[in-house]
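Below: one structure, written as structure tokens.
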Amino acid sequence: MDPIKSEKERILNHCFSKFLGEGFRKTSMEILAKELGISKKTLYKHFSSKEQLIDSTLEVAFKTLKQSLNQIVVQNTNAVVKLRMIAEFIISFAVRVNEKWLNDLRHHGNNKWKKVDENRRLLIETNFSKIIEQGKSEEVIVDRPNLLILQILISAIEGVINPNFLINNEFSLKQ
């Protein structure tokens, strides 16, 4: 394994957990370097700015989510079980997210929330479309236009896993 790639992956994995749990706005590069046991110079060798580090961390998150959802979709089980597994996965991921992360994305993310929202929508559309088709062939999902079913599912997910809804109604993601 390439030691530089390994170091970069270690940094990204640490930052993913750190940002998800504590947000990124108040986390400095100095704090991250100290926690990782590396110098700031080493951190900047891999990422020219905190902004680039945040963007790279988001890319890792999307890649991880995409792989996890794909593993569920390709399983040899029925569509209803897959939908339940995806719901459980989304909930288990959501409980790891701190409101500070959502607030940082929303208020200080320089359009990062828009990117998160677009990627979330793409992941949902791609994976749910496959499960909807499977469910129709298994006759456990009513034969209606996929776009209609997808929009209902996406609206339900977005309506709840949405920083505005959560913050304005004082709900945590765990609730």
Side-chain angles (χ1 to χ4, degrees), residues 1-75 82 85-130 154 157-158 160-168 170-175:
M1 177 180 270
D2 183 357
I4 293 175
K5 185 176 181 182
S6 173
E7 183 175 57
K8 187 174 183 175
E9 287 175 357
R10 185 172 78 84
I11 293 167
L12 286 170
N13 288 332
H14 174 77
C15 290
F16 175 65
S17 295
K18 175 85 172 174
F19 294 160
L20 202 63
E22 299 176 22
F24 58 82
R25 190 172 69 104
K26 293 184 179 180
T27 303
S28 69
M29 295 292 267
E30 185 174 337
I31 290 170
L32 292 170
K34 184 177 180 181
E35 290 175 351
L36 287 159
I38 60 176
S39 68
K40 279 189 357 181
K41 183 178 179 180
T42 301
L43 194 53
Y44 281 109
K45 176 179 82 174
H46 295 291
F47 305 97
S48 62
S49 67
K50 183 177 172 185
E51 193 74 21
Q52 184 189 26
L53 176 59
I54 294 165
D55 288 342
S56 296
T57 303
L58 284 172
E59 287 175 25
V60 167
F62 295 133
K63 182 180 176 184
T64 302
L65 290 170
K66 184 177 180 178
Q67 289 171 344
S68 297
L69 290 172
N70 189 55
Q71 286 175 351
I72 293 170
V73 171
V74 299
Q75 286 188 17
K82 288 180 184 180
M85 290 172 72
I86 286 179
E88 289 171 354
F89 171 76
I90 290 170
I91 291 167
S92 71
F93 181 79
V95 297
R96 294 176 50 205
V97 178
N98 186 293
E99 281 79 10
K100 290 178 187 174
W101 168 253
L102 296 175
N103 283 330
D104 286 353
L105 286 172
R106 187 170 152 219
H107 295 297
H108 309 287
N110 299 334
N111 294 320
K112 290 186 187 348
W113 178 253
K114 184 177 178 183
K115 183 177 180 180
V116 167
D117 199 41
E118 289 169 359
N119 277 286
R120 176 181 62 176
R121 181 175 280 275
L122 181 62
L123 285 173
I124 291 168
E125 287 175 0
T126 302
N127 292 291
F128 278 77
S129 290
K130 293 173 186 173
I154 290 169
I157 292 168
E158 288 177 346
V160 176
I161 302 179
N162 175 313
N164 290 328
F165 174 81
L166 296 172
I167 292 166
N168 293 333
E170 298 180 11
F171 287 117
S172 71
L173 279 170
K174 289 180 184 178
Q175 291 173 306

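Phe24 has its side chain out of reach of Thr57: every pair of non-hydrogen atoms, C-beta onward, lies at least 4.5 Å apart. With contacts defined as side-chain heavy-atom distances shorter than 4.5 Å, the pair Leu32/Phe19 qualifies. Using a 4.5 Å heavy-atom threshold, the side chains of Ile38 and Glu7 count as touching. Arg120 places a side-chain heavy atom less than 4.5 Å from the side chain of Ile124. Contact annotation: the side chain of Val116 approaches that of Phe62 to within less than 4.5 Å [non-hydrogen atoms, C-beta and beyond]. Residues Trp101 and Glu22 have side chains not in contact (no heavy-atom distance under 4.5 Å, counting atoms from C-beta outward).
Between the CG atom in Asn127 and the CG atom in Leu123 there is a gap of 6.5 Å [rounded to 0.5 Å]. Distance CD/Gln67 to CD/Gln71: 7.0 Å, rounded to 0.5 Å. Separating the NZ atom in Lys41 from the NE2 atom in His46 is a distance of 12.5 Å, to the nearest 0.5 Å. Taking CD1 from Ile31 and CE from Met29, the interatomic distance works out to 12.0 Å, rounded to the nearest 0.5 Å. Once rounded to the nearest 0.5 Å, the distance linking CG of Asn119 with CG of Leu58 reads 8.5 Å. Atom OG in Ser68 sits 12.0 Å away from atom NZ in Lys63 (nearest 0.5 Å).
Figure legend: cation-pi geometry between Lys8 and Phe47, with NZ or CZ positioned under 6.0 Å from the six-membered ring centre and within 45° of its axis.
Closest of all the heavy-atom pairs between Tyr44 and Ser49 is CE2-CA, 4.1 Å. The minimum heavy-atom distance between Leu43 and Ala33, with the atom names listed, is CD2-N, 4.0 Å.
A side-chain contact (heavy atoms from CB on, under 4.5 Å) with Cys15 is found for one member of Ile11, Leu12, Asn13 and no other, namely Ile11.
Between the side chain of Lys82 and the main chain of Val73, a donor-acceptor pair closer than 3.5 Å is present. For Asn70 (side chain) and Lys66 (main-chain N/O), no donor-acceptor pair under 3.5 Å exists by modelled atom type.
Taking a cutoff of 4.0 Å between a charged side-chain nitrogen and a carboxylate oxygen, Glu125 and Lys130 do not qualify as a salt bridge.
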_Derivation of the salt bridge (Lys or Arg N to Asp or Glu O under 4.0 Å) call for Asp104 and Lys112_ = CA-CA 9 Å; Asp104 286 353; Lys112 290 186 187 348; over 6 Å; no
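Applying the side chain to side chain donor-acceptor pair (under 3.5 Å) rule to pairs touching residues 23-35 yields His14-Glu35, Lys18-Glu35, Arg25-His108, sequence neighbours excluded.
Atom NZ of Lys50 sits in a crowded spot, with more than 12 heavy atoms from other residues, nucleotides or ligands closer than 6.0 Å.
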